[in-house]
Amino acid sequence: MFKVKIYISLKEGVADPQGITIKNALDSLGYSGVERVRYGKYLQVYLKNSDKKKLQKKIDDMCKKILVNPVIESYEYEIEEVK
Amino acid sequence: MFKVKIYISLKEGVADPQGITIKNALDSLGYSGVERVRYGKYLQVYLKNSDKKKLQKKIDDMCKKILVNPVIESYEYEIEEVK
Amino acid sequence: MKFGVVVFPGSNCDYDCYYVIKRVIGESVDFIWHKSSNLKGYDCIVLPGGFSYGDYLRTGAIARFSPIMKEVIEFSKNGGLVIGICNGFQVLLEAGLLPGAMRKNRDLLFICRYVYVRVENSDTPFTRLFHKGQVLHIPVAHFEGNYYIDPQSLSRLKMNSQVVFRYCSKDGEVADEFNPNGSVYAIAGICNERGNVLGMMPHPERCSESILGSEDGKLIWQSIVKSINERLAKE
Amino acid sequence: MKEPVKIDLNLVKAHGLTEEEFERIKRILGREPNFTELGIFSVMWSEHCSYKSSKPTLKKFPTEGERVLVKAGEENAGVVDIGDNLAVVFKMESHNHPSAVEPYQGAATGVGGIIRDIFTMGARPIAIMDSLRFGSLNDPKSRYFLRGVVGGIAFYGNCIGIPTVGGETFFDESYRGNPLVNVLCVGIVKKDMIVKARARGVGNTIFYVGSSTGRDGLGGASFASREITEESHEDRPAVQIGDPFMEKLLLEATLELIKSGVVVGMQDMGAAGLTSSTVETASRGNCGVEIDISLVPRREEGMIPYEVMLSESQERMLVIVKKGMENEAKRIFEKWDLYAIPIGKVTSDGIFRIKDKDRPVAEIPVKSLTEDAPVYLRKRVKPAYLDEVSYLDIDTLPRPDDFNQVLIKLLTSPNIASKEWIWEQYDHMVGINTVVLPGPDAAVLRVKGTKKALALSCDGNGRYCFLDPYEGGKIAVAEAARNVVCVGATPIAITNCLNFGTPTDPEIFWQFTRCVEGMAEACQYLGTPVTGGNVSFYNENPTGAIDPTPVVGMLGLIENTDLICTPWFKEEGDLIVLIGDGKISLGGSEYLYLIHGLKKGRPPELNLSKEKALYDVCLKAIGKGLIKSAHDVSEGGIATSVVESCIINEEKFMGARIDLKNLEKEGERDDLLLFGEVQSCIVASCSPQNIDSLEKIAREKNIGFRLLGEVTGKELIIEKNGKKLISQNTANLYKLWREALSLKLR
Ligand SMILES: Nc1ncnc2c1ncn2[C@@H]1O[C@H](COP(=O)(O)OP(=O)(O)O)[C@@H](O)[C@H]1O
Ligand SMILES: [Mg+2]
């Protein structure tokens, strides 16, 4: 079994109201030095019986097709083998 | 400058309707072998001028205090040095 | 002529649209189940508001793959009229029938209230009974209506008169304070290049009867009816 | 979880059962219960499910009435006839404890729960109302609660597509750490389509539908039957996550299923989940049930029967389907991407029998869990604090020298300030029935296909109840009724939520009993039977019990939607009158609390016959089109009421020129006249040519009728015999009033 961790974030250049709000909250709580916060999604997808090579294609496919909106989002992922 | 990537996910045992709905969508699009999807958040926090040692404490503190809802969520993070 | 209101799992303004078309406008209308794959006999397809699939991944992202959406795309290619309201607009964006994407509202709160929008283009089949610059009093109700489009594409939208509605003041002035959600260029509704697909965040079905406080939305339905009747008369 | 080997007294106590109750269980079974059975008894006999402390007191409520089709307690929710072959199903429920632990999800799942109660009876839910209480907003924790609770209600209600059309929100230190979240849902059903939560017909199949079962919410019912302490936070794994999308599917599938005629009975799995839903349907149907627990879909591995039976996972339902119709039921659920799983059947022997495949797991007589559950007559003692707080000598109160400032302080107090920040987060229009949007005294929903409309209001003043539980209880009912009368509706029935401290404390139980008695008297007199409700005890925080807080949800009926009245002034030159003649008092007022820091005195007197007469006058005047606006006088007194009538319609502000000279017999203190609170009074406006006819109607009913002044352009001026007390620009007041709450939350 594979565990795929997919990190989705807003593309550079797309304003991120959630990130801005979190940054402001951190500032007002007195955490110094916070320059910027970006808010995104974290998906963990567990997949069975795939060989790792095909897996990459499959994940890219899923991401492009449905998990990610390419107009505003970009993604990265990591694959881990798990039991 | 440091870039901290924070991965927030629902604790085991906490129901995850979003994850289930995404899994169902992947199934119906014909992606085979998807066993389970968990839906979470991905924050990127850019911090200035912190020494790395104190940084960890600071991040744990932020997470517990505001970024993470400890009642239902757990978190992990990674620190990267960036320019 | 006939309207079809698509029902996705989680649609919740489907019945409202149906009611207005049937009881207020007096035209014939069917619900169309999202698993259906036949749009024969329909002249206008409504993608209603709501929370299709709970909006759990992104608004409209899952509904966009419902079997009916293939047909809706086909239908629009053949010149059929498609109007997406609120969640329906979001579905149209995800399906690529309209450009751009939605983000969470600027204030990160759901907002439900009456706003004003200005008609920027009264040459579409959906707005022909308005005059350009006319101000409508119309409700919004959404968490993700903060429209995004990159600058080049925005210029293209403007050049092609694809911006149909913009948020404004009671007197038609466009300014930040009248923009409820932070939308780029205060956009409340756009159409495709051909003009037969409209997406809008405000809800015309919620202001089509005087008992509800405004009838400004009624003209949208009536514009559609007029456009279709004219076309049917020609055929 | 592992099954403990031995059931000892510690384990019994940990389940919230007493030694005597345990003995009783052994007598019922004729043996020791096993672990699963112990768990089942503990949840079914918990305060939350059994009403063991409150049952005898609740009997005082009038429950009969010509419109009542299903009485309180008979089913999941009461049902009221509104004519045209239509009935209204409505009920209110609390989710206080879960919201204290996780405000967002706690409130969200509270909404989910009450909606299920309505649609499982076959009704389509058409509106939600929320009644909320928090500690002072100066406390960051209270702000966190408010944001979370409102966010959670919005998340659930908006997604499922039922408008949240109104509610009430009140802040007082007594709710610190223990917010109250009461949610009301209203549905409409054709009279012949009402579904009962009954298991009937031996051999009929029991279906499990909806989300799978996890460990979430384990023991929630017994959790709600305890006080919140610092350790409550350790109970946190009990947190449930709301899934409004799933519930929307359940709602649509269920209503479709009912139409198809295959349903015998159904009940949602709320508190005590699978246990209470099976047991209660069997009990009402006077039969037994047998289920195979191995068939229950699960989300987590290694769950033992105890956990499956006690889980409170959300969005699950039990549906009893006619034998032979199972496939039709499955087909409808599958259309909605839901899986209906047959887990058992109705039996004839009155036993609740659980098997795990072939292994017997539990066997308990159904009625022993319901009708034969213990009932206690708790001790009552008049609280010691009452004598001290009831006495108020207003002559000792300093007189404010600037009433303008006092007015602004009141208008920006979170209790009086506009709640727009809240209701804007709620979709209050979906369904296109909301003809009076939030803001006014009551929300109004048209009933499509008829000329009728429903009016809804929630009310309950904990401060009044603290000072005098009996009068406070009466006032809660009267104020709610008056609110619906102001929009032109006849009050027809109530639901309620009774929020109190720990019932084993005799002083708390005295408060509880007195409140119920007061409410009962008002309901009796005003002709509004109680059709259902909910009791929430153990609302305590580290410093003591909350103020006794009964919340009344009033249903009013409007026969003709052309005759709906709104609270805002309409036109310059219209006359403003005070209809009604209750005695103005500073006791328990917002003014006294906010300006003088006192929670003292007696709440304003309420004379029920005057109250009733006021309704007759007001409804007659609205029916004849004699008044243009009506707004009741409540928190903040007459001055506040007048200001609200000036500014509540943001599309058109008005001003007013008021002279208090006609109120002079109430007392000479200006603060009393301006800000004192009063019962059975409304501020109305009418055109000058109608004032005589209006006065005549009031005099006929022997009701006070005093001219206050007239509607003007933009300024609010209040004077007394030529002395100017207040002079303000109403647009400015609007801005302050409107922004106060969101400024506090920044
Ligand atoms: N929590 C809430 N949710 C929705 N609407 C609310 C809420 N709290 C207050 N409101 C609305 O604000 C208005 C004023 O409420 P309230 O001050 O209780 O009125 P009144 O004193 O006339 O009973 C009402 O329309 C009410 O429905
Ligand atoms: Mg009130």
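These numbers were taken from a predicted model, which means no experiment stands behind them. The sequence lines fix the lettering, A, B, ..., with proteins before strands; numbering per chain opens at 1. Just the heavy atoms: all of them, side chains too, but no hydrogens, waters or symmetry mates, feed the values below.
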message: Sort by residue number and list every residue of residues 34-44 of chain B having at least one heavy atom under 4.5 Å from chain A.
response: Val34(B), Glu35(B), Arg36(B), Val37(B), Arg38(B), Tyr39(B), Gly40(B), Lys41(B), Tyr42(B), Leu43(B), Gln44(B)

- prompt: Just wondering, more than 12 heavy atoms not from Lys11(A) lying within 6.0 Å of its NZ?
  reply: yes

message: Suppose a student defines contact as a heavy atom less than 4.5 Å from any heavy atom of chain B. Which residues in residues 56-64 of chain A would they list?
response: Lys58(A), Asp61(A), Met62(A)

query: When only heavy atoms count and the cut-off is under 4.5 Å, which of residues 3-10 of chain B reach chain A?
result: Tyr7(B), Ile8(B), Ser9(B)

message: Which residues in residues 15-26 of chain B have any heavy atom closer than 4.5 Å to a heavy atom of chain A?
response: Ile22(B), Ala25(B), Leu26(B)

